[in-house]
Number of protein chains: 2
Amino acid sequence: MSDWATALFDPARVAIIGASATTGKVGEVFLQNLKRDFRGEIVAIHPSAKELLGVACFPSLADAPAPVDLAVIVTPPAALSGLVADCGAAGVPVAVVITGGFAETGPAGATLQASVVAAARDKGVRIVGPNCFGVVSTSCGLNASLAVGTPRRGGVALISQSGAYGMAAYARASEEATGFSRIVALGNKADVDESDILAFLGRDPQTRVVAMLLESIVDGRRLFETLAAVARIKPVVVLKTGRHAAAKRAAASHTAALATDAAIVDAALRQAGAHVVEDGLTLLDVAAALDCQPPLQGRRVAIVTNSGGTGVELTDLLEAGGLEVPELSGSLQARLRELLPAHGSPANPVDVTTDWPRFPTMYGGAVEALMTSGEVDAVVPVLLQRSAMIPEVGAAIVDAQTRARAAGSTTPLHVCWVAPRAAEDNRVRLLEAGVPCHPWPARAARVLSALHASPAAETPPTPEASPRPPLAPGWAPAEAVFSLLADAGFPVSAFNMATDAKDACAKARAIGFPVALKAERAGLLHKSDAGAVRLHLADAGAVETAFRDFVRTLGPGPALVQKQAAAGLELMLGGRRDPAFGPVVMVGLGGVWVEALKDVALRLAPIGAGEAAAMLDELKGRQLLAGYRGAPALDIRAFAQLLADVSAWFASAEWLAEMDVNPLIANSGSFTIVDARMLIGLPLVQP
Amino acid sequence: MSDWATALFDPARVAIIGASATTGKVGEVFLQNLKRDFRGEIVAIHPSAKELLGVACFPSLADAPAPVDLAVIVTPPAALSGLVADCGAAGVPVAVVITGGFAETGPAGATLQASVVAAARDKGVRIVGPNCFGVVSTSCGLNASLAVGTPRRGGVALISQSGAYGMAAYARASEEATGFSRIVALGNKADVDESDILAFLGRDPQTRVVAMLLESIVDGRRLFETLAAVARIKPVVVLKTGRHAAAKRAAASHTAALATDAAIVDAALRQAGAHVVEDGLTLLDVAAALDCQPPLQGRRVAIVTNSGGTGVELTDLLEAGGLEVPELSGSLQARLRELLPAHGSPANPVDVTTDWPRFPTMYGGAVEALMTSGEVDAVVPVLLQRSAMIPEVGAAIVDAQTRARAAGSTTPLHVCWVAPRAAEDNRVRLLEAGVPCHPWPARAARVLSALHASPAAETPPTPEASPRPPLAPGWAPAEAVFSLLADAGFPVSAFNMATDAKDACAKARAIGFPVALKAERAGLLHKSDAGAVRLHLADAGAVETAFRDFVRTLGPGPALVQKQAAAGLELMLGGRRDPAFGPVVMVGLGGVWVEALKDVALRLAPIGAGEAAAMLDELKGRQLLAGYRGAPALDIRAFAQLLADVSAWFASAEWLAEMDVNPLIANSGSFTIVDARMLIGLPLVQP
């Protein structure tokens, strides 16, 4: 499976189809770019030329020396199917198609693209693109892209959908000393997609960090699974753009309203252990940092600064990003105090004051002491103006890192840099020594905040699909919903269906008072709003009156008699089957607030109890779970297990499109499902 | 009052006290910096020298030619009181004290500082500092600071507390073409504070924008009032650092827990009409942008881009920052379509594709069309790689701006820039032409989001102080609280105090059933938690039982009988008297959620009804006010008027330290205060 990927990134012989010697033509740009640094052999395919710019030409792939590992195609779109067939015949495993004019242009282009993919599948050729920026691989000097040069070699692999960040990589390499292994832009992703490339990069020894910029996701579930596997081996940083474009669904359930496409993508990426970022510069910053420094194992950051004010600003920004700047221990402070002048501060931020002749000693000593202290998860020297201008300060920090690493420290080191451009050489020296050097506190804080990612939890196996119940697509009747939940072993409040007032009284007696009565009518979804729910009915008379009221106001029909639940903490659970990511589970605090405040946590289902507990910890209203203002505390362990069980059951119920359990009333470790609704999916889409 | 400020920023003659010719000494650095660009006269005060580095020296101020407008003092701290007295005797209106060793070093330094301030007040001399970076004023070439040069002249005034950003300004001017009018770092702010300087800058014709970086605030209420007055005349951009350090108060009221110092500062700055930012780079970016472009009058942004992917990323980031990227009208799209190639997009973002030979025409035409359309509140061309490298693209954008301005457009224009350093000259040309040019989408979005500030609302006059009621400091008894609210005309649920069970029944009958009963015991604050509240008592028997229960479980004591309120939307109002900012009013959705979710809005009190309505609009749960899921909509107008009235009453009740009204139950336009508590302040602190 990886043969084509090895051929793509480490080809020995590349054929360029559509090469040209005419300045400014795409075929010429690509030929020039290829020629500049590629350490393998290049052949050009051209109907008539014998050679172009010194590269030997052949009329077709069949005439070229074999084997060709990679074909780079820049010809007009119409000829593509034929060329792909030629690749197959010549045993070329993979082609990068730069040419546009396919699905991105409309239906005709989409048809053309489909025929190319069909030809490729038929002939066993993999296609990168079409309509893409190309591919760069520094291990062999391959630059089969629009970019003007091959970037410096290093451990960062970049998967981008558009070429914009592919173009930026070259400047990034020269200006920020970022080293790249592979760069690929996937364009229309007609065949090879982000998961294919990611799987290869996971086992690629040239690649230490993967950065992905995704505008769309081809197969969410596969990406999640690939990502979780790769993220256990090496860091993966992801930016998903198009968050604002998530369609605004007309939503009948809380789950559908809150488990939006963007929220599911974000939850899935984090669940898989990715470092999730919000913008492209941070994507590159974080990836570059992870190529030379370990991720943060915790949230504690130490700052060393020659500007008290900037230390305060950085602390604000780190804490806003979810990190902490804790006070250091007494013994560590005592050690630091020996380095500092009398009016310096050994707390955190460590303030070295403006005593600049001592900067190298103080910065070096403090950085080493902090990196080897075990008290913090990252050390951030602020180099501001004078401290940045003195080359010896940077050198002292690099030496301190060397000593700390020799002493076994794995604490990440990042510089926050505020200095005029005249000091840029000092910054580059830090970068070259593997010390990330982030200009300005806000950028430093953004990067550091993204460097702490929770490792992917083990995903429990998805249970076998449960048999589809005999229910029509659409919202299921209440009795069926409660029966399904009860049969699955979930704690549903005792219920029974009553056909008339007398029957309702009898069933209420059997269940025990007080009861709730809920009218059941076809198409009646928002029952409370419609006056179709009566609570706290204390005796048979009240039940009878309520039943007759329903008949009068809503017309004849049955009603569900249900044990009235005691008051307690209201929670909601939800499930949604996403077209891209499959089953998703959601939890939030129940009642009307859940949707108004959008305070929910999401995961791809199924999950284990540990991950379920992590979901509860994400809620902004989590204070309420801990027994807020006198209410009993929720038994988190028991509830997390229930949530995990619900997630497994929902994942197995492939016929279930959406589910709301709201509210579920909790009293410590006792749970009662009071209301629920289920949307049964079309058998066609859920076979 | 502004004489000293004019002398500070536009002195004709400056005396430097503590000048030196010894390289590296502070007195030499300042003398060199002053000499370089100052267009007035410099005199040096030195015990023995006749001249230093070509500057005439005098043994004392009394010997120097008069008048001296500004004294710059760099001598050791001990001599300062005497030197300030000399300034007074010589008629020097203001001294900048660079020297440290005062309050920042501890109690002894604080005492020394106090004596200096006393001397200054006595002699009528204003002091900037001590322990400060100095002052820069480009109108006269004054650089009485540690910075290595005088920055370019322009409209940005920078008030900083620490010197770090003062130092950064010089680099900023040369690298980003930002022009400054005045720069001042206030150090310990022993005398002159941020409000003093801000008031001067408000009427300073050299200053078009004020940027303030505050670590502490001397007098919050005065800053608020000064800011509101200045922000009506020119934009003020503010960064307040130290947000994380806000003390975590042990809070008995919701208001105290939620109206934290940081939240009050943020609310006050926004209420005054400031552009509030979160980091120092954005402070400089926003101020620089406002020196050449107007603020955003609304939230609609148009993007023109040669990279679809970057357009999508920028849209995400702008929308996350509270702005919108709306679809353009059909007629405007038709106009844009004429400029674009067939596969370009005239929606928004406007995508000019990769057709680079046409970039200048397309960018220029689109920018002009958008700036004159009236459909958007800002136009943002993305210049990415190729479009940034072509000088004609920038030139076309500048020309488009000229034409649009000539046609009366006031729409702001900002470039989002992603390009290698080789294209930096093109960027500088845009900056020089007054077009802000922000590197990378995230930075562009941060700046643009901060460019939309709500103008300060008119603050109603604070009512006359109300007489202090005869209540001891501490939490007031329930009866007093409800009486105070009722007397002030607020809609308190009918209540009466009962001394025994019989009395309670009689009073319940007079009020009308159902009632609530609340036990009143000294020191009992969290009544619900203690079982001291019984709701929905339907008859005298229930009242009697409840009263006897209280006596049994809580000991003997009275109880408040209160009309049971009907169900409705629960809201909370709060008031807090902040030591720095004075009376603050708060509103949120009531119940237990308010504090767990921290969803409240704050303003300095008093406010008008318009500002009160704006507070409601800030709530994350505002959906619930609009009649969410079948509940009746809140009468926003009526409730805003009530909130405004409460704010005025609270402002006038100077004896009231804190107040919670929670819940207030609303049914459309009918409001009932169900519970409230008040913390009576110490007469000493509230005279």
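None of these values were measured; they are calculated from a predicted model. Numbers restart at 1 for each chain; the letters A, B, ... are given by sequence-line order, proteins then strands.
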Asker: Using 0.5 Å steps for rounding, measure from the OG atom of A:Ser307 to the CZ atom of B:Phe133.
Answerer: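 The CZ atom of B:Phe133 is 11.5 Å from OG of A:Ser307, to the nearest 0.5 Å.
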
Asker: Within the distance-only criterion (no hydrogens, no angle test), does the side chain of B:Glu175 pair as donor or acceptor with the backbone N or O of A:Pro420 below 3.5 angstrom?
Answerer: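 A pair under 3.5 Å: no.
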
Asker: Would you call A:Leu317 and B:Arg243 a side-chain contact if the rule is heavy atoms closer than 4.5 Å?
Answerer: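 In short, these two side chains touch, coming nearer than 4.5 Å.
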
Asker: Which one wins on heavy-atom pair count under 4.5 Å against chain A: B:Arg443, B:Glu424, B:Arg622?
Answerer: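 Winner by heavy-atom pair count: B:Glu424.
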
Asker: Which atoms of B:Leu384 are under 4.5 Å from chain A, going by heavy atoms: the side chain, the backbone, both sets, or neither?
Answerer: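 Looking at B:Leu384, just its side chain touches chain A.
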
Asker: Given a strict heavy-atom distance threshold of 4.5 Å, which part of B:Tyr170 is in contact with chain A: side chain, backbone, both, or neither?
Answerer: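 B:Tyr170 has no heavy atom closer than 4.5 Å to chain A.
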
Asker: Locate the shortest heavy-atom distance separating B:Val312 from A:Gly242; write the atom from each residue and the value.
Answerer: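 Smallest heavy-atom distance, with atoms named: CG1-N, 3.3 Å.
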
Asker: Could you check which of B:Lys240, B:His343, B:Glu278, B:Arg421 has the highest count of heavy-atom pairs closer than 4.5 Å to chain A?
Answerer: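 Answer, by heavy-atom pair count under 4.5 Å with chain A: B:Arg421.
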
Asker: At a heavy-atom separation under 4.5 Å, does B:Thr105 approach chain A through its side chain, its backbone, both, or neither?
Answerer: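 Neither part; nothing is under 4.5 Å.
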
Asker: Any donor-acceptor pair under 3.5 Å linking the side chain of B:Glu313 with the backbone of A:Gly280?
Answerer: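 Yes, B:Glu313 side chain to A:Gly280 backbone: donor-acceptor pair under 3.5 Å.
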
Asker: B:Trp440 versus A:Leu284: any side-chain heavy-atom pair under 4.5 Å?
Answerer: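 Yes, their side chains come closer than 4.5 Å.
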
Asker: What closest approach, in Å, do A:Asp316 and B:Thr241 show between heavy atoms, and which atom pair accounts for it?
Answerer: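 Residues A:Asp316 and B:Thr241, closest heavy atoms: OD2-CA, 3.2 Å.
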
Asker: Kindly give the heavy-atom pair with the smallest separation between B:Gly309 and A:Ser162, and that separation in Å.
Answerer: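 Heavy atoms of B:Gly309 and A:Ser162 come nearest at CA-OG, 4.3 Å.
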
Asker: Contact part of B:Arg446 toward chain A, heavy-atom cut-off under 4.5 Å: side chain, backbone, both or neither?
Answerer: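 The answer is the side chain of B:Arg446.
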
Asker: How many angstroms lie between atom CG of A:Leu314 and atom CG of B:Asp279, to the nearest 0.5 angstrom?
Answerer: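 Here the rounded value is 10.5 Å.
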
Asker: In terms of heavy-atom pairs under 4.5 Å, which option from A:Thr310, A:Val148, A:Thr315, A:Leu239 contacts chain B the most?
Answerer: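 The candidate making the most pairs under 4.5 Å is A:Thr315.
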
Asker: Drop me the distance from B:Arg386's CZ to A:Met167's CE, to the nearest 0.5 angstrom.
Answerer: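 B:Arg386 atom CZ to A:Met167 atom CE measures 7.0 Å (nearest 0.5 Å).
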
